[in-house]
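Please read the structure below before turning to the comments.
Quick note: residue numbers are just sequence positions, from 1. As the structure is a computational prediction, the values presented were derived from the model and not from experiment.
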Amino acid sequence: MEAIWQFLVKGGITMIPLGLCSIVGLAVVIEKAISLRTKRILIPEVMAVAENLTSPKDATLVLAVCEKHSGPLPNIIRTALVHRNLPREEMKELIIDQGRQEVRVLERGLITLETVAAISPLLGLFGTVLGIFKLFEVIGRIGVGHVTEVSGGIAEAIITTIAGLAIGIPALVAFNYFTSRAENLVLDIERCTSELLLKLKHFEADRAIS
């Protein structure tokens, strides 16, 4: 543990913002790993009642189940059912608006993760420049004969680069993964809602014929 601490200390002052980036990035990854779980978004109970809707009367049951839960899927289905008697275009617009709000919830924190992925290598590069600057300053003052003094600047330049890449690369991978996961969940929600609305439309058509 002490060896790791000494290694990080050699990176100089740039390691402080890099350390903060690593903490923030890790916090966002943990939060998204929990909040974007399939069962947390595509709630099985809500999915089951929506898929097994067989008559207009069942809409009340679906609405009651949605009232028991919170999240993007029940919120969008609730909006669709509450406004199911509106003209199709108006109801579609309301659902789209609600969907946009839910997408913001699903993607919350991803901008922060993207920022960490972008600035960490830049901070590493900044630390590298500082290390090289200190290296030339030492060489200009005492020459190249003092290996210990010269190696300090080299170490700082290399360590910050390593740290920046070590933080930025996983953060970028995590950002792309969670963005793709959020988009896929949104598509699943839209599919479920569209199927539900189609069933309700058929019920209305059958009622009109009878």
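Here the OG1-CD distance, from T179 to E183, works out to 6.5 Å after rounding to the nearest 0.5 Å. Note that CD of E190 is 9.5 Å distant from CG of D188, once rounded to the nearest 0.5 Å. Of the inter-residue distances, the one linking L125 atom CG with S120 atom OG reads 12.5 Å to the nearest 0.5 angstrom.
Taking hydrophobic clusters as Ile, Leu, Val, Met, Phe, Trp and Tyr residues chained together by side-chain heavy-atom distances below 4.5 Å, Y177 shares a cluster with L185. The hydrophobic cluster containing L61 also contains L63, counting ILVMFWY residues as joined when their side-chain heavy atoms lie under 4.5 angstrom apart, directly or transitively. Note: the hydrophobic cluster containing M47 also contains I41 (ILVMFWY, side chain heavy atoms under 4.5 Å, direct or indirect links). The hydrophobic cluster containing V103 also contains L73, counting ILVMFWY residues as joined when their side-chain heavy atoms lie under 4.5 angstrom apart, directly or transitively.
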In sequence, state the C-alpha distance, the side-chain angles, and the governing distance for R40 and L36, and then conclude on side-chain contact (heavy atoms from CB on, under 4.5 Å). CA-CA 7 Å; R40 188 182 180 93; L36 291 181; over 6 Å; no

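Taking each heavy atom of G25 and V116 in turn, the nearest pair found is N-CG2, 4.2 Å. The two atoms that bring I77 and C192 nearest to each other are CD1-SG, 4.1 Å, heavy atoms only. For I167 against L18, the heavy-atom pair with the smallest separation is CD1-O, 3.1 Å. Here the closest non-hydrogen pair linking I189 and P72 is CD1-CB, 3.7 Å. Taking all atoms of both residues into account, the shortest heavy-atom contact from T14 to F126 is OG1-CD2, 4.1 Å. Between C66 and V46, the shortest heavy-atom contact is SG-CG1, 4.0 Å.
Of the residues T160, L123, L20, the one that meets the side chain to side chain contact (heavy atoms under 4.5 Å, CB included) test with M15 is T160.
A heavy-atom distance below 4.5 Å is found between the side chains of V186 and L106.
Pairs engaging residues 64-77 under the salt bridge (Lys or Arg N to Asp or Glu O under 4.0 Å) rule: E45-K68, E67-R78 [sequence neighbours left out].
Checked against side-chain hydrogen bond (donor to acceptor under 3.5 Å, both in side chains), S35 has the following partners two or more places apart in sequence or in another chain: E31. Listed by chain and residue number, nothing satisfies the side-chain hydrogen bond (donor to acceptor under 3.5 Å, both in side chains) test with K39 (two or more places apart in sequence, or in another chain). T161 meets the side-chain hydrogen bond (donor to acceptor under 3.5 Å, both in side chains) test with T128; sequence neighbours excluded. The side-chain hydrogen bond (donor to acceptor under 3.5 Å, both in side chains) test applied to Q98 returns E102, not counting sequence neighbours.
Listed by chain and number, the hydrophobic cluster partners of I34 are L26, I30, where partners are ILVMFWY side chains within reach of under 4.5 Å, directly or through others.
Panel note: side chain T79, backbone N75; a donor-acceptor pair is recorded below 3.5 Å.
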